[in-house]
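What follows is a single structure, written as structure tokens, with notes after it.
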Amino acid sequence: MLLKTALLLVLVAQVLMLDNGLLRTPPMGWLAWERFRCNTNCDEDPKNCISEWLFMEMADRLVQDGWRDLGYVYLNIDDCWIGGRDASGRLVPDAKRFPHGIAFLADYAHSLGLKLGIYEDMGKLTCMGYPGTTLDKVVQDAQTFAEWKVDMLKLDGCYSTPEERAEGYPKMAAALNATGRPIAFSCSWPAYEGGLPPAVNYSLLAEICNLWRNYDDIQDSWDSVLSILDWFVQHQDILQPVAGPGHWNDPDMLLIGNFGLSLEQAQAQMALWTILAAPLFMSTDLRTMSAQNMNILQNPLIIKINQDPLGIQGRRIRKEKSYIEVFMRPLSNEASALVFFSRRTDMPYRYQSSLAQLNFNRSMTYEAEDVYSGDVISGLRDETNFTVIINPSGVVMWYLYPIKNLEMSQQ
Ligand SMILES: *[C@@H]1O[C@H](CO)[C@@H](O)[C@H](O)[C@H]1NC(C)=O
Ligand SMILES: *[C@@H]1O[C@H](CO)[C@@H](O)[C@H](O)[C@H]1NC(C)=O
């Protein structure tokens, strides 16, 4: 049954997908916004202001600390890079903070095996008040980004009407396509229309965007993570089916490495975002990250799960006693990811269950690898009772795969 659903979703995805061949798995990389915001004070804070120097530093870290080789290849600029428009109406970066220009930064990224993302806004102004892309500027701006050899565009939606956005986002998709350069397209459009049908048409989004922000901006707190998670779960019947290879829901950046999450909460965000087949955009200071946070973000098994080629978004499958939730994401080779999540705030909770109770009924023998501890549980059958110990506001995450399958693939 699961496999049939998976195949069906893949077929549907092929029909609807934006046809630029990009982001067949969720994008991974680094995005400036959550951590560095609109800090333009380079005189007093030169190491942290939005400047080409900051992006070059992060590019170096992505390469030297092993991120790139794990798949974190996007180096993405957010708001506050724009200086204005020149006499011909062409966008130019802030001359003081980006003295060598965006093409230079793109070349630098490419020379390191990275990709460069940029930011604009469908509207009169960007959210922080820099020149936006009005309808008459869409084609010119797409051409400018392509000439600079940019690889991704995040198009925000401040300072525009719903009508302007309804015209502007498809127009930008067409303009990007017309440049001939494959540029991944991240649309903030649905977040400005409440994120739900009928105001949002997810079939249309999947045809024009590679990813889209559905809901509010993330802030550096556990409350913010929970509010986003709750919204995605509440609307999972709508959101889960619209994600797939080339077109993803985006619950926003990872906070891991910043100031608002405990270690358990950081592990939980990484696990839950992976269940959601979310983009893995870090937004943290890669120069000062702790080994603990690095271990979470660089966990090879969790990255493999996030990047599963079927690209099926997972769902919450159980909620028990108002504080225990179980999430499941189907993966290729009949494997699954399971996340056991506790909202308790007192002590580790012993959760007892069986695969049968979680609706597994395939009469197979499984092995479960705990993604964070590396522990392996062997010989799990549908009816086998098991106990997982879940820390407060924490997770246990399993990579679950049938043994039979493993034996076959090894022959
Ligand atoms: C433009 O769209 C066509 C048709 O969907 C597609 O085949 C092509 O790869 C696209 N090109 C780019 C650069 O996105
Ligand atoms: C949503 O968009 C799709 C694809 O463009 C279109 O076929 C469909 O009619 C739209 N649905 C509604 C309700 O507008």
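Just follow the structure's listing: the first ligand is 1, and inside any ligand the first atom is 1. The residues of the chain are indexed from 1 along the displayed sequence. What's counted below: heavy atoms across the whole structure, side chains too, no hydrogens, waters or symmetry copies.
- Under 3.5 Å, the side chains of Tyr72 and Asp65 contain no donor-acceptor pair of N or O atoms.
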task: Decide yes or no on side-chain contact (heavy atoms from CB on, under 4.5 Å) for Tyr351 and Val326, but give the supporting numbers first.
output: CA-CA 10 Å; Tyr351 174 68; Val326 184; 3.7 Å; yes
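- Taking 4.0 Å as the cut-off between side-chain N and carboxylate O, Arg343 and Asp230 count as a salt-bridged pair.
- At a 4.0 Å heavy-atom cut-off, ligand 2 touches Asn201 through the side chain alone.
- Of all non-hydrogen atoms in Ile256 and Met270, the two that sit nearest each other are CD1-CB, 3.8 Å.
- Screening Arg213, Gln240, Gln313, Gln236 for a side-chain hydrogen bond (donor to acceptor under 3.5 Å, both in side chains) involving Asn249 leaves a single residue, Gln313.
- The immediate protein surroundings of ligand 1, defined as residues with any heavy atom under 4.0 Å of it, consist of Asp19, Asn20, Asn177, Gly180, Arg181, Pro182.
- For the side-chain hydrogen bond (donor to acceptor under 3.5 Å, both in side chains) with Thr126, the lone residue among Asp79, Asp121, Asp156, Asp78 that qualifies is Asp79.
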